[in-house]
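Values reported hereafter were calculated over all heavy atoms of this structure, with side chains retained and with hydrogens, waters and symmetry mates removed. Proteins come first, then strands; the chains are lettered A, B, ... in the order of their sequence lines, and each starts at number 1.
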Number of protein chains: 2
Amino acid sequence: MKVLITAGGTSEKIDDVRSITNHSTGRLGCFLAEEFLKNQITVDYVTTTQAKHPTENQQLNLYEIAGRQDLADQLQELLQKFSYDAVIHSMAVSDFAPSQSYSQEAFLEAINQLFQEKNGPLDKDDLASLSLGEKTNENKISSNTDQLYLVLQKTPKVIQQIKKIQAETLLIGFKLLVDVSKQTLLTTAKQSLATSQADYILANDLAKIKNNQHPGYLINKDGEIVGEEQNKEGIAQLIAQTVMKHHR
Amino acid sequence: MKVLITAGGTSEKIDDVRSITNHSTGRLGCFLAEEFLKNQITVDYVTTTQAKHPTENQQLNLYEIAGRQDLADQLQELLQKFSYDAVIHSMAVSDFAPSQSYSQEAFLEAINQLFQEKNGPLDKDDLASLSLGEKTNENKISSNTDQLYLVLQKTPKVIQQIKKIQAETLLIGFKLLVDVSKQTLLTTAKQSLATSQADYILANDLAKIKNNQHPGYLINKDGEIVGEEQNKEGIAQLIAQTVMKHHR
């Protein structure tokens with residue numbers, strides 16, 4: 001039996017010295033890896049340099065990535081090469097990638113020009129050109145301006161490529177919201193079941209994650225809560241047991 | 001004898017799950033700490049959780065910070081409490097802090113309104129209002145938009161507060177540029193001597209830092225190159241020796 005786990009948070013480069021980083025300690029991913037490893041299940045583990053790594057193990061294969069595209073490439077390679085009984089995608093992945101940056105001066109020039117050409121209120125198509133220009137070739141954005149404008153472009157969800165390559169794998173996704181009601185959390189998680197083609201979603205709320213507490217709900221394809229845990233170890237056990245139950 | 005070292009890179013929160021991070025491994029800072037510690041000099045060391053930490057030592061005091069404001073507060077506290085023979089500020093600090101974020105829809109609305117009110121080309125004062133609004137109270141920016149606009153506001157340089165509190169300390173600053181000529185690097189470093197009131201600036205170029213290579217020039221108050229090194233260990237030794245020479 002063989003599973004693929006992603007953990008940690010991706011970083012998207014703004015320039016050579018700055019990135020936008022999604023925070024994730026990678027601790028839950030480590031607990032997940034341990035649960036499978038102690039059941040003699042091989043774990044392919046995709047994470048970042050910054051995230052906590054699981055303890056070395058003969059049945060553990062580590063793959064390090066940095067950004068969203070790295071992750072997409074690495075997953076494609078692994079999914080085409082190996083067959084996984086389950087994929088547990090706990091990594092926090094950037095939804096947006098920096099596509100253009102402007103000093104205050106350059107930004108003023110760009111939008112004033114847009115308004116002059118349009119001679120009326122701008123719409124989405126007009127704005128699109130702000131990010132379509134050539135990516136600033138400055139290696140380090142000069143700090144010689146009072147304001148900086150960053151335009152970020154939405155990126156395709158990495159989780160959506162998983163079932164396209166391995167339709168038969170058991171896919172467990174994660175949905176993290178911040179300080180919402182339980183109902184909003186569960187409704188949003190159910191929506192992401194469909195778009196991600198996941199078999200299960202672990203729904204959790206950052207505002208409730210502190211110290212040793214990490215409440216989480218595991219939701220199945222029908223939108224039913226099949227388990228509820230209060231900390232990372234519990235969530236890891238719940239997911240591992242659910243995966244192993246399917247394999248039997 | 002007692003020195004204060006800053007090392008690593010700061011992070012500025014965009015929302016509860018995303019930050020803009022300045023990259024710095026903290027390895028040079030560790031070499032610096034070791035150089036002083038092996039000469040029985042007490043080191044107060046300000047760094048981040050992510051950066052590499054020096055090996056524990058009785059004469060080493062660690063202080064962890066996250067963002068630019070944290071760093072400014074921590075330095076103020078230390079500089080008011082202790083007298084330092086030297087401050088070596090190698091930390092990569094954000095020049096900009098996220099002040100506002102907009103979905104594509106909200107951004108369109110905001111700038112169309114600005115143009116309607118002004119009825120002509122916008123100037124810097126008009127743009128200022130884009131970042132003056134209340135900071136988005138969304139805890140996690142929704143990914144339900146095609147583009148994201150981040151407005152970042154320039155922040156005061158932390159290094160400038162050091163001599164204001166301890167005028168008599170020996171201050172060593174760092175200037176990092178990316179892929180510039182040696183002349184541009186040295187000219188820019190000389191300019192920052194004046195604005196930071198540093199006694200020395202270590203000028204380096206990210207494009208030339210790879211594997212074990214890390215070329216750096218140490219420039220004194222008169223803008224003269226007093227030393228040139230090719231790797232982190234060499235730079236750490238050069239700076240430590242320069243500091244100790246002043247103390248004799």
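- Defined by atom type and a distance below 3.5 Å, a donor-acceptor pair is missing between the side-chain atoms of S192(B) and T195(B).
- For the residue pair Q153(B)/Q147(A), the side-chain donor-acceptor check at 3.5 Å is satisfied.
- Of the listed residues (V151(B), L152(B), D126(B), I20(B)), the one with the most heavy-atom contacts under 4.5 Å to chain A is L152(B).
- No side-chain donor-acceptor contact under 3.5 Å links T21(A) and S19(B).
- Contact of L206(A) with chain B is made through the side chain alone, with heavy-atom distances under 4.5 Å.
- Under the side chain to side chain donor-acceptor pair (under 3.5 Å) criterion, T187(A) pairs with no residue, sequence neighbours left out.
- Between the OG1 atom in T155(B) and the CD atom in E12(B) there is a gap of 6.5 Å [rounded to 0.5 Å].
- Between D179(A) and K208(A), none of the side-chain N atoms (NZ, or NE/NH1/NH2) sits under 4.0 Å from a carboxylate O, so this pair counts as no salt bridge.
- By a heavy-atom distance cut of under 4.5 Å, E105(B), F107(B), L108(B), I111(B), N112(B), F115(B) are the residues of residues 105-118 of chain B near chain A, going up by number.
- Rounding to the nearest 0.5 angstrom, the gap separating the OG atom in S94(A) from the CG atom in L148(B) is 11.5 Å.
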